[in-house]
Amino acid sequence: MNYWLIKSEPQVYSIEDLKRENTTIWDGVRNYQARNFLKQMQKGDLAFFYHSNCKPPGIVGLLEIVETNIIDPTQFEPKSPYFDAKSSINQPRWQTVKVQFKQIFPALICLNTLKNRFSPEELLVVKKGNRLSVVPVPENTAKMILNL
DNA sequence: GCCAACGTTGGC
DNA sequence: GCCAACGTTGGC
(Lines give C-alpha, C1' and ligand atoms only; values in the text may rest on other atoms or scores of the structure.)
Protein backbone atom coordinates (compact mmCIF):
# COMPACT_ATOMS: atom_id res chain seq x y z
CA MET A 1 0.00 0.00 0.00
CA ASN A 2 1.35 3.36 -1.03
CA TYR A 3 0.60 6.94 -0.13
CA TRP A 4 0.29 9.86 -2.51
CA LEU A 5 -0.58 13.51 -2.59
CA ILE A 6 -2.70 14.98 -5.32
CA LYS A 7 -3.32 18.66 -5.91
CA SER A 8 -6.37 20.45 -7.13
CA GLU A 9 -7.42 24.05 -7.22
CA PRO A 10 -10.53 24.18 -5.03
CA GLN A 11 -12.21 26.65 -7.39
CA VAL A 12 -11.87 23.97 -10.09
CA TYR A 13 -12.47 20.81 -8.05
CA SER A 14 -12.48 20.78 -4.26
CA ILE A 15 -12.68 18.07 -1.65
CA GLU A 16 -16.25 19.17 -1.01
CA ASP A 17 -16.98 18.35 -4.65
CA LEU A 18 -15.48 14.90 -4.16
CA LYS A 19 -17.46 14.38 -0.96
CA ARG A 20 -20.65 15.18 -2.84
CA GLU A 21 -19.83 12.89 -5.77
CA ASN A 22 -18.20 10.17 -3.62
CA THR A 23 -16.06 8.98 -6.52
CA THR A 24 -14.52 10.66 -9.55
CA ILE A 25 -12.14 9.92 -12.38
CA TRP A 26 -9.05 12.03 -11.81
CA ASP A 27 -8.90 13.44 -15.32
CA GLY A 28 -6.97 16.32 -16.82
CA VAL A 29 -3.43 15.49 -15.72
CA ARG A 30 -1.22 16.42 -18.68
CA ASN A 31 2.24 16.06 -17.27
CA TYR A 32 4.24 12.93 -17.98
CA GLN A 33 5.85 12.67 -14.56
CA ALA A 34 2.52 13.02 -12.84
CA ARG A 35 0.96 10.52 -15.22
CA ASN A 36 3.69 8.02 -14.46
CA PHE A 37 2.83 8.27 -10.79
CA LEU A 38 -0.85 7.76 -11.64
CA LYS A 39 0.18 4.59 -13.49
CA GLN A 40 1.99 3.31 -10.42
CA MET A 41 -1.03 3.69 -8.18
CA GLN A 42 -2.68 0.55 -6.89
CA LYS A 43 -6.15 -0.18 -5.68
CA GLY A 44 -6.34 0.57 -1.96
CA ASP A 45 -3.64 3.23 -1.99
CA LEU A 46 -4.43 6.37 -0.02
CA ALA A 47 -3.85 9.93 -1.19
CA PHE A 48 -3.87 13.25 0.57
CA PHE A 49 -6.01 15.86 -1.12
CA TYR A 50 -4.16 19.18 -1.43
CA HIS A 51 -5.81 22.49 -2.28
CA SER A 52 -3.47 24.64 -4.35
CA ASN A 53 -3.56 28.20 -5.65
CA CYS A 54 -5.80 29.32 -2.82
CA LYS A 55 -5.58 30.92 0.60
CA PRO A 56 -4.16 29.12 2.45
CA PRO A 57 -2.86 26.19 0.40
CA GLY A 58 -2.66 22.87 2.23
CA ILE A 59 -3.85 19.33 2.83
CA VAL A 60 -7.58 19.18 3.38
CA GLY A 61 -8.41 15.48 3.49
CA LEU A 62 -7.95 11.94 2.35
CA LEU A 63 -9.11 9.78 -0.53
CA GLU A 64 -8.65 6.21 -1.69
CA ILE A 65 -7.65 4.85 -5.08
CA VAL A 66 -10.48 2.48 -6.04
CA GLU A 67 -9.72 1.76 -9.71
CA THR A 68 -6.50 1.92 -11.72
CA ASN A 69 -5.43 2.10 -15.35
CA ILE A 70 -8.35 4.19 -16.51
CA ILE A 71 -7.95 5.89 -19.86
CA ASP A 72 -8.62 9.57 -19.36
CA PRO A 73 -11.68 10.16 -21.56
CA THR A 74 -11.12 13.92 -21.85
CA GLN A 75 -8.11 13.44 -24.15
CA PHE A 76 -10.51 12.39 -26.92
CA GLU A 77 -13.07 15.15 -26.40
CA PRO A 78 -12.35 17.99 -28.83
CA LYS A 79 -14.29 20.47 -26.71
CA SER A 80 -12.48 19.60 -23.51
CA PRO A 81 -9.64 21.82 -22.31
CA TYR A 82 -7.76 18.57 -21.83
CA PHE A 83 -8.19 17.41 -25.43
CA ASP A 84 -4.98 16.00 -26.91
CA ALA A 85 -5.02 15.77 -30.71
CA LYS A 86 -1.85 13.70 -30.67
CA SER A 87 -3.35 10.94 -28.58
CA SER A 88 -4.91 7.97 -30.34
CA ILE A 89 -7.58 5.49 -29.27
CA ASN A 90 -5.20 2.62 -29.96
CA GLN A 91 -2.40 4.16 -27.97
CA PRO A 92 -3.84 6.59 -25.47
CA ARG A 93 -1.33 8.91 -23.87
CA TRP A 94 -3.09 9.71 -20.66
CA GLN A 95 -4.15 7.22 -18.06
CA THR A 96 -5.49 7.91 -14.63
CA VAL A 97 -7.35 6.42 -11.67
CA LYS A 98 -10.74 6.55 -10.01
CA VAL A 99 -10.71 7.92 -6.49
CA GLN A 100 -13.17 7.76 -3.62
CA PHE A 101 -13.76 10.25 -0.85
CA LYS A 102 -12.53 9.15 2.58
CA GLN A 103 -12.58 12.16 4.88
CA ILE A 104 -12.19 15.87 5.30
CA PHE A 105 -9.68 16.60 8.05
CA PRO A 106 -11.06 18.55 11.04
CA ALA A 107 -8.56 21.29 10.27
CA LEU A 108 -6.65 22.13 7.12
CA ILE A 109 -2.93 21.34 7.39
CA CYS A 110 -1.51 24.43 5.76
CA LEU A 111 1.62 24.53 3.63
CA ASN A 112 3.36 26.56 6.33
CA THR A 113 2.89 23.78 8.87
CA LEU A 114 4.06 21.19 6.37
CA LYS A 115 7.17 23.26 5.67
CA ASN A 116 7.93 23.51 9.36
CA ARG A 117 7.62 19.78 9.94
CA PHE A 118 8.97 18.17 6.79
CA SER A 119 11.99 18.46 4.55
CA PRO A 120 11.58 18.38 0.75
CA GLU A 121 12.83 14.78 0.83
CA GLU A 122 10.12 13.78 3.28
CA LEU A 123 7.39 15.65 1.43
CA LEU A 124 7.94 16.87 -2.11
CA VAL A 125 5.17 19.42 -1.98
CA VAL A 126 7.16 21.66 0.37
CA LYS A 127 9.99 21.92 -2.15
CA LYS A 128 10.22 25.36 -3.65
CA GLY A 129 9.14 25.47 -7.25
CA ASN A 130 7.54 22.04 -7.17
CA ARG A 131 4.68 21.98 -9.65
CA LEU A 132 3.91 18.29 -9.88
CA SER A 133 0.24 17.67 -9.25
CA VAL A 134 0.73 14.03 -8.24
CA VAL A 135 3.56 13.01 -5.94
CA PRO A 136 4.39 9.98 -3.80
CA VAL A 137 4.51 10.39 -0.03
CA PRO A 138 6.89 8.18 1.98
CA GLU A 139 5.08 5.95 4.47
CA ASN A 140 6.69 7.51 7.53
CA THR A 141 5.70 10.98 6.41
CA ALA A 142 2.18 9.82 5.62
CA LYS A 143 1.73 8.34 9.07
CA MET A 144 3.00 11.52 10.69
CA ILE A 145 0.54 13.59 8.70
CA LEU A 146 -2.30 11.27 9.69
CA ASN A 147 -1.36 11.80 13.34
CA LEU A 148 -1.25 15.59 13.18
C1' DG B 1 -0.10 41.14 -9.98
C1' DC B 2 4.58 39.38 -9.71
C1' DC B 3 7.79 36.11 -10.62
C1' DA B 4 10.55 31.69 -9.78
C1' DA B 5 10.73 27.33 -11.39
C1' DC B 6 9.74 24.55 -14.06
C1' DG B 7 7.93 21.76 -18.80
C1' DT B 8 7.15 22.03 -23.78
C1' DT B 9 7.84 23.45 -28.43
C1' DG B 10 10.21 24.08 -32.48
C1' DG B 11 14.00 26.08 -35.27
C1' DC B 12 18.49 24.96 -36.34
C1' DG C 1 20.69 17.16 -29.67
C1' DC C 2 20.82 22.00 -28.25
C1' DC C 3 18.63 25.82 -26.54
C1' DA C 4 15.78 30.13 -26.83
C1' DA C 5 11.21 31.37 -26.50
C1' DC C 6 7.10 30.58 -24.60
C1' DG C 7 3.41 28.79 -21.52
C1' DT C 8 1.95 27.15 -16.99
C1' DT C 9 1.89 26.45 -12.05
C1' DG C 10 1.31 28.19 -7.81
C1' DG C 11 3.24 30.62 -3.70
C1' DC C 12 3.50 35.08 -2.11
Side-chain angles (χ1 to χ4, degrees), chain A residues 2-21 23-41 45-65 68-138 140-148:
Chain A
N2 295 304
Y3 294 92
W4 308 88
L5 180 147
I6 61 179
K7 294 184 193 172
S8 182
E9 301 188 17
Q11 59 271 34
V12 177
Y13 193 86
S14 71
I15 191 146
E16 288 81 13
D17 294 323
L18 179 59
K19 184 181 183 183
R20 182 159 24 81
E21 296 185 344
T23 64
T24 192
I25 290 175
W26 202 258
D27 59 22
V29 172
R30 292 294 178 271
N31 170 287
Y32 289 104
Q33 237 183 315
R35 182 208 61 184
N36 291 343
F37 286 134
L38 288 170
K39 277 186 178 177
Q40 290 173 29
M41 288 182 177
D45 284 359
L46 296 176
F48 297 100
F49 197 123
Y50 180 93
H51 279 177
S52 66
N53 203 11
C54 59
K55 239 171 59 169
I59 292 173
V60 290
L62 197 66
L63 55 80
E64 182 177 338
I65 313 305
T68 59
N69 292 318
I70 294 176
I71 292 165
D72 184 338
T74 60
Q75 68 194 305
F76 302 123
E77 296 166 7
K79 285 181 182 164
S80 166
Y82 305 121
F83 176 66
D84 183 351
K86 293 177 182 168
S87 185
S88 73
I89 300 274
N90 292 337
Q91 289 201 314
R93 266 191 194 184
W94 306 106
Q95 288 149 265
T96 186
V97 295
K98 184 187 268 188
V99 303
Q100 181 171 38
F101 174 81
K102 290 283 279 186
Q103 68 170 125
I104 294 177
F105 291 152
L108 172 143
I109 309 167
C110 68
L111 180 59
N112 238 341
T113 302
L114 295 171
K115 279 182 174 168
N116 288 336
R117 294 189 191 247
F118 301 107
S119 68
E121 293 74 38
E122 292 169 316
L123 188 64
L124 251 173
V125 80
V126 307
K127 190 174 172 183
K128 190 185 175 192
N130 167 62
R131 300 185 308 164
L132 264 186
S133 63
V134 181
V135 292
V137 178
N140 284 346
T141 304
K143 289 188 170 160
M144 287 174 75
I145 295 172
L146 289 171
N147 285 324
L148 286 180

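Naming convention: chains lettered A, B, ... in sequence-line order (proteins, then strands); numbering from 1 in each chain.
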In terms of side-chain heavy atoms of [X], which of [options] is nearest?
X        : options                  : answer
Lys7(A)  : dG10(C), dT8(B), dG7(B)  : dG10(C)
Pro57(A) : dT9(B), dG7(B), dG11(C)  : dG11(C)
Tyr50(A) : dG10(C), dA4(B), dG11(C) : dG11(C)

Q) How many angstroms lie between CE in Met144(A) and CG in Leu114(A), if you round to the nearest 0.5 Å? A)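 Separation between the atoms: 11.0 Å.
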Q.
When you measure from the side-chain N and O atoms of Lys128(A) to the phosphate of dA5(B), is any distance below 4.0 Å, counting only OP1 and OP2?
A.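 So the side-chain polar atoms of Lys128(A) do come within 4.0 Å of the phosphate oxygens OP1 or OP2 of dA5(B), strictly under.
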Q) Start at the 5' end of DNA chain B and walk down; is the nucleotide closest to Lys127(A) or to Lys86(A) reached first? A)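 The residue whose closest nucleotide sits nearer the 5' end is Lys127(A).
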(Q) Pair Asp72(A), Thr74(A) - check side-chain hydrogen bond (donor to acceptor under 3.5 Å, both in side chains), show working. (A) CA-CA 6 Å; Asp72(A) 184 338; Thr74(A) 60; 2.6 Å; yes
Q: Return the residues of residues 105-118 of chain A meeting this criterion: a heavy atom under 4.0 Å from some atom of DNA chain C. Order them by number, or give none.
A: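 Under 4.0 Å from DNA chain C: Leu111(A), Lys115(A).
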To the nearest Å, give me how far apart [atom1] ([X]) and [atom2] ([N]) are.
X         : N       : atom1 : atom2 : answer
Arg93(A)  : dG7(B)  : CZ    : P     : 17 Å
His51(A)  : dT9(C)  : NE2   : P     : 17 Å
Asn53(A)  : dT8(C)  : CG    : C1'   : 11 Å
Leu132(A) : dT8(C)  : CG    : P     : 17 Å
Arg131(A) : dG11(C) : CZ    : C1'   : 13 Å
Gln11(A)  : dG11(C) : CD    : P     : 11 Å
Lys55(A)  : dG1(B)  : NZ    : P     : 15 Å
Trp94(A)  : dT8(B)  : CH2   : P     : 7 Å

Q.
If the test is side chain to side chain contact (heavy atoms under 4.5 Å, CB included), which one of Leu123(A), Asn130(A), Leu124(A) qualifies with Val126(A)?
A.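 One option only clears the test, and that one is Leu123(A).
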Q: Answer yes if the ring centres of Phe49(A) and Trp26(A) are under 6.0 angstrom apart, and no otherwise.
A: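 Ring centres of Trp26(A) and Phe49(A) closer than 6.0 Å.
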Q. Any donor and acceptor pair, going by atom type alone, linking the side chain of Arg35(A) with main-chain N or O of Arg93(A) inside 3.5 Å?
A.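 Answer holds: yes.
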Q.
For a quick test of reading the model, state the closest non-hydrogen atom pair linking Val137(A) to Trp4(A) and the distance between them.
A.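 Shortest heavy-atom separation between Val137(A) and Trp4(A) comes out as CG2-C, 3.6 Å.
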(Q) Apply side-chain contact (heavy atoms from CB on, under 4.5 Å) to residues Ile59(A) and Tyr50(A) and explain how you reach the verdict. (A) CA-CA 4 Å; Ile59(A) 292 173; Tyr50(A) 180 93; 4.0 Å; yes
